[in-house]
Structure formats: C-alpha cells, structure tokens
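Encoded as structure tokens, the structure appears first; notes follow it.
Numbering of residues begins at 1 and proceeds along the displayed sequence. FYI, side chains are in, hydrogens and waters are out, and symmetry mates aren't considered; it's all heavy atoms of this structure.
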Amino acid sequence: EELGPFTIFAPSNSAFMAMDQAELVSLLETENKTTLDRLLKYHVVKGYLASSELVKQLKANGGRGSLPTLSGQTLVAGLSPEGKVTLTDPEGHVATITAYDQPAFNGLVHVTDTVMIPAEPDTGKKKRRR
C-alpha cells in the first residue's frame with residue numbers, strides 16, 4: 001500500500017444521504033467489501049493537489065483535465081461558469097467541490113456534493129443493485 005500524499009474528493013454526509021439508501025446499506029455488507037473499496041478509491045488521486053494548482057492546471061488545459069483515481073478509472077475535472085471545480089464520471093454524473101483544501105495527515109481533502117459511482121471493472125457498466 002502507498003502512504004501518500006493523496007488528494008481525496010470526499011462526498012459530504014448529505015451526498016451519501018442523497019444516494020439510494022438500499023444501495024448504501026448494501027455497500028456496507030461484508031460481501032460487498034471489494035465494491036466499497038473500489039468506490040472509496042474512486043474518490044482518491046495520487047499526490048497533493050491544492051485547489052489553486054488544480055484550477056491553474058484546468059485553466060491551462062482549456063477548462064478540463066483528467067484525474068486518474070486509485071481505482072484505476074479516471075474522473076474528468078472541469079471549471080463551472082461560476083469558477084467552481086466539478087468532477088464528471090464516465091456515467092455522466094457531476095459532483096461539485098463545495099469545500100477546498102482541508103488538510104489531512106497524508107494529503108488533502110476537497111469536499112464534494114455527490115458520491116461518484118465507478119463502472120464495474122469487468123463489464124465497463126455500472127453495477128445494478130437488486
């Protein structure tokens with residue numbers, strides 16, 4: 001396991017409450033540990049990416065940039081017309097960063113308003129819950 005530093009795009013409590021609650025409960029079941037692990041790693045990128053650096057990189061790249069996550073999938077970062085940083089997953093879900101640059105012992109945390117759901121690695125499709 002790597003020790004960091006990492007940048008975490010952490011969904012707020014209200015973001016988790018906005019999820020389908022049956023899906024959220026299912027994620028916490030022991031047999032779904034791999035799925036939960038992949039979901040959590042989908043919100044983490046290697047390195048220390050302060051908001052000022054992220055915005056600078058996005059502006060230099062025409063307002064868009066790729067963020068490879070620890071899950072092996074990529075989030076697309078962008079700048080909203082209001083200047084907020086957004087993250088878009090391959091399914092088209094968009095999260096907005098609502099709080100920036102929260103220090104953590106092994107990196108930095110940015111709080112988001114949406115839980116990003118990674119595609120299943122073997123099918124490329126989002127897993128449908130029963």
Side-chain angles (χ1 to χ4, degrees):
E1 289 290 306
E2 296 180 44
L3 300 176
F6 299 108
T7 299
I8 301 167
F9 298 96
S12 65
N13 287 340
S14 57
F16 279 104
M17 295 311 294
M19 280 182 72
D20 177 274
Q21 292 303 292
E23 185 174 352
L24 184 58
V25 168
S26 172
L27 279 171
L28 299 176
E29 293 170 359
T30 307
E31 64 268 21
N32 292 325
K33 183 181 182 319
T34 303
T35 303
L36 177 61
D37 187 52
R38 190 171 52 253
L39 180 129
L40 295 174
K41 286 181 177 178
Y42 193 52
H43 292 80
V44 182
V45 298
K46 289 181 187 177
Y48 190 93
L49 192 55
S51 62
S52 58
E53 182 61 28
L54 179 56
V55 168
K56 187 167 84 175
Q57 287 181 20
L58 291 173
K59 285 181 177 175
N61 283 326
R64 298 187 74 68
S66 295
L67 296 172
T69 69
L70 293 187
S71 73
Q73 297 183 44
T74 301
L75 293 171
V76 175
L79 282 175
S80 74
E82 304 80 35
K84 294 201 178 252
V85 176
T86 61
L87 304 171
T88 305
D89 69 16
E91 302 287 322
H93 303 112
V94 179
T96 301
I97 298 177
T98 58
Y100 296 87
D101 301 326
Q102 309 292 315
F105 82 97
N106 63 345
L108 197 60
V109 176
H110 302 299
V111 179
T112 67
D113 64 358
T114 303
V115 177
M116 307 304 279
I117 307 291
E120 285 293 307
D122 53 336
T123 64
K125 298 222 166 50
K126 246 177 72 168
K127 185 175 181 180
R128 299 287 174 222
R129 305 262 183 247
R130 306 183 245 313

Rounded to the nearest 0.5 Å, the CG atom of L87 sits from the CD1 atom of I97 at a distance of 5.0 Å
Do L108 and D101 have side-chain heavy atoms sitting under 4.5 Å apart?
yes
In terms of heavy-atom contacts, A77 and L67 come closest through CB-CD1, 3.8 Å
Check: H43 and T69 side chains under 4.5 Å, non-hydrogen atoms: no
One should read off an interatomic distance between L54 CG and K59 NZ, to the nearest 0.5 angstrom, of 11.0 Å
Below 4.5 Å, heavy atoms only, C-beta onward: do M19 and I117 meet side chain to side chain?
yes
ask   = Are L24 and L39 in one and the same hydrophobic cluster, where Ile, Leu, Val, Met, Phe, Trp and Tyr link if side-chain heavy atoms are under 4.5 Å apart?
value = yes
Interatomic distance, NE2@H110 vs OH@Y100, rounded to 0.5 Å, equals 8.5 Å
Side chains of V94 and T114: does their closest heavy-atom pair fall under 4.5 Å?
no
ILVMFWY cluster, V109 and F6 together (side-chain gap under 4.5 Å): yes
Of V85, V45, V44, the one forming a side-chain contact (heavy atoms from CB on, under 4.5 Å) with F9 is V45
Between P5 and G107 the two heavy atoms that sit nearest each other are CB-CA, 4.3 Å
When rounded to the nearest 0.5 Å, the distance separating CG of D89 from OH of Y42 is 4.0 Å
query = Going hydrophobic residue to hydrophobic residue with side-chain gaps under 4.5 angstrom, can you get from L49 over to V55?
reply = yes
For S66 and P68 the tightest heavy-atom approach is O-CD, 3.6 Å
For N13, does the CG atom sit with more than 12 other heavy atoms under 6.0 Å from it, leaving out its own atoms?
-> no
Side-chain heavy-atom pair L79, T86 within 4.5 angstrom cut-off:
no
* To do: Examine the side chains of S71 and Q73 and answer whether a donor and an acceptor come within less than 3.5 Å of each other.
  => no
In terms of heavy-atom contacts, T88 and M116 come closest through C-CE, 3.8 Å
Rounded to the nearest 0.5 Å, the OG1 atom of T96 sits from the CG atom of D113 at a distance of 4.5 Å
Just by distance, do the side chain of T112 and the backbone of A95 share a donor-acceptor pair under 3.5 Å? no
Q. Counting N and O atoms only, with roles assigned by atom type, does the side chain of Q21 sit under 3.5 Å from a partner on the main chain of F16, one being a donor and the other an acceptor?
A. yes
Rounded to the nearest 0.5 angstrom, the NZ-OG distance for K56 and S51 is 12.0 Å
Stepwise side chain to side chain contact (heavy atoms under 4.5 Å, CB included) test for N106 and L3:
CA-CA 7 Å; N106 63 345; L3 300 176; over 6 Å; no
